[in-house]
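Every number for a ligand or one of its atoms is a count from 1 in the order of the listing. Residues: numbered from 1 along the sequence shown.
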Amino acid sequence: MDLAIAGKNALVLASSRGLGKGIAAALAKEGANVIMCGRTADLLQANCDAINSQGGGRADWIQGDLCDLHFADSVATEALHKLGRVDILVNNSGGPPPGSTEDMTEVKLLSHFQSMVLNLIGIANRLLPGMKDIGWGRILTVASSGVIEPIPGLALSNTLRPALAGWSKTLASEIARFGVTSNMLLPGSIQTDRLNSLNMIAAERSGRTVEQVSADAQTAIPIGRYGTVEEFAATAAFLCSAPASYITGAVIRCDGGSSRSV
Ligand SMILES: NC(=O)c1ccc[n+]([C@@H]2O[C@H](COP(=O)([O-])OP(=O)(O)OC[C@H]3O[C@@H](n4cnc5c(N)ncnc54)[C@H](OP(=O)(O)O)[C@@H]3O)[C@@H](O)[C@H]2O)c1
């Protein structure tokens, strides 16, 4: 299938590693020009070099910290300066530390609200007018399967990400007539640094080995294994594509069947 995004311009947040990096590569493979964003300059440069050596869309990067109050202003301005316009926004962020509701102080809540919610909405607010003007746009927000089934021990994630779900759905109805879609993509367990570090913490806390934690977790997934970044990124690229024009306001799971609800 031709995703028909060659020549489109995409901004992918939190893309120095993991899911964001994979999505940027998948979009570029389809011919979209991508801007990656994160805090680690050398990783971003290496990702761009890899994409630019492969043909397809061109890649560039912007350094930005989602905890920064001015992130949305500075990154949107720089992205528009580099690209002229942004057609595709992939709203992704770093994941919060694990913890219970008791660990979730108001200070922690506020700072993660800034990096996981406020700056994602802020950047969409700044890029949406351009999408509406040309009558085409895609906003894809990456969250977590915890939006559907809260995950024990991830209180910050379970508490903050549903705000993005409410926003993404509300936005979808408001912008649909402009040819702009807004969807959410929820990872279950996809093999990235984040998953590895959560497994290490679980191993330390339970006295098991990381291998045991990982094997037990994969057995509990109906497909019987973790997902790959490539599988997740392919789903994301489709949701950002031209043929996905009638999908909006959706919450799509990429979780190997883990969420048990319909
Ligand atoms: N992988 C999974 O199975 C899974 C499951 C459920 C939910 N999720 C969620 O999906 C998102 C991506 O997960 P992942 O597995 O790709 O995580 P990852 O491998 O840890 O990568 C996180 C990315 O976020 C960036 N980042 C972190 N903090 C940032 C900040 N303050 N400002 C700017 N960029 C920042 C990191 O770049 P720098 O360090 O260079 O800034 C990195 O590129 C996270 O929110 C995670 O919680 C993942």
For the pair [X] (side chain) and [Y] (backbone), establish whether a donor and an acceptor sit closer than 3.5 Å, ignoring hydrogens and angles.
| X | Y | value |
| --- | --- | --- |
| Ser15 | Ala24 | no |
| Glu204 | Ile201 | no |
| Glu78 | Ile62 | no |
| Asp87 | Gly137 | no |

Atom 28 (N) of ligand 1: the protein heavy-atom neighbour that sits closest, reported with distance to 0.1 Å: Arg39 NH2, 3.2 Å
Closest approach of any protein heavy atom to atom 22 (C) of ligand 1, naming residue and atom: Gly94 CA, 4.3 Å
Of Leu89, Ile175, Leu171, the residue whose pairing with Val180 passes side-chain contact (heavy atoms from CB on, under 4.5 Å): Ile175
pair Ser145-Arg253: side-chain heavy atoms closer than 4.5 Å: no
Atom NZ of Lys82 with >12 non-hydrogen neighbours under 6.0 angstrom: yes
For the student: nearest non-hydrogen atoms of Leu120 and Asn92, plus distance: CD2-O, 3.6 Å
Residue pair Asp255 / Gly188: nearest heavy atoms and the distance that separates them: CB-CA, 3.6 Å
Option from Gln212, Gln218, Glu211 for which side chain to side chain donor-acceptor pair (under 3.5 Å) with Ser214 holds: Gln218
Is [X] near ligand 1, meaning one of its heavy atoms is under 4.0 Å from it?
| X | value |
| --- | --- |
| His112 | no |
| Gly22 | no |
| Asp65 | yes |
| Ser115 | no |

Quick one: which ligand 1 atoms are inside 4.0 Å of a heavy atom on [X]?
| X | value |
| --- | --- |
| Gly64 | 32 (N), 33 (C) |
| Ala143 | 7 (C), 8 (N), 9 (C), 10 (O) |
| Asp193 | 19 (O) |
| Ser93 | 11 (C), 12 (C), 44 (C), 45 (O) |
| Pro187 | 4 (C), 5 (C), 6 (C), 7 (C), 8 (N), 48 (C) |
| Thr40 | 38 (P), 39 (O), 40 (O) |
| Ser15 | 43 (O) |
| Gly95 | 44 (C), 45 (O), 46 (C), 47 (O) |

Is [X] touching ligand 1 with its side chain, its backbone, both, or neither, if touching means heavy atoms under 4.0 Å apart?
| X | answer |
| --- | --- |
| Cys37 | neither |
| Ala14 | both |
| Asn92 | side chain |
| Arg161 | side chain |

side-chain contact (heavy atoms from CB on, under 4.5 Å) evaluation trace for Leu11 with Ile88: CA-CA 6 Å; Leu11 171 63; Ile88 297 168; over 6 Å; no
Heteroatom proximity flag, Pro96 to ligand 1, N/O under 3.5 Å: no
Option set [options], criterion heavy-atom distance to [atom], minimum:
| atom | options | value |
| --- | --- | --- |
| atom 16 (O) of ligand 1 | Val12, Leu198, Leu19 | Leu19 |
| atom 38 (P) of ligand 1 | Ser144, Ser111, Ser16, Gly20 | Ser16 |
| atom 14 (P) of ligand 1 | Asp255, Asn47, Val147, Thr192 | Thr192 |

Quiz item: cation-pi between Lys8 and Trp136, 6.0 Å / 45°: yes
Between OG on residue Ser168 and CG on residue Asn183, distance to nearest 0.5 Å: 6.5 Å
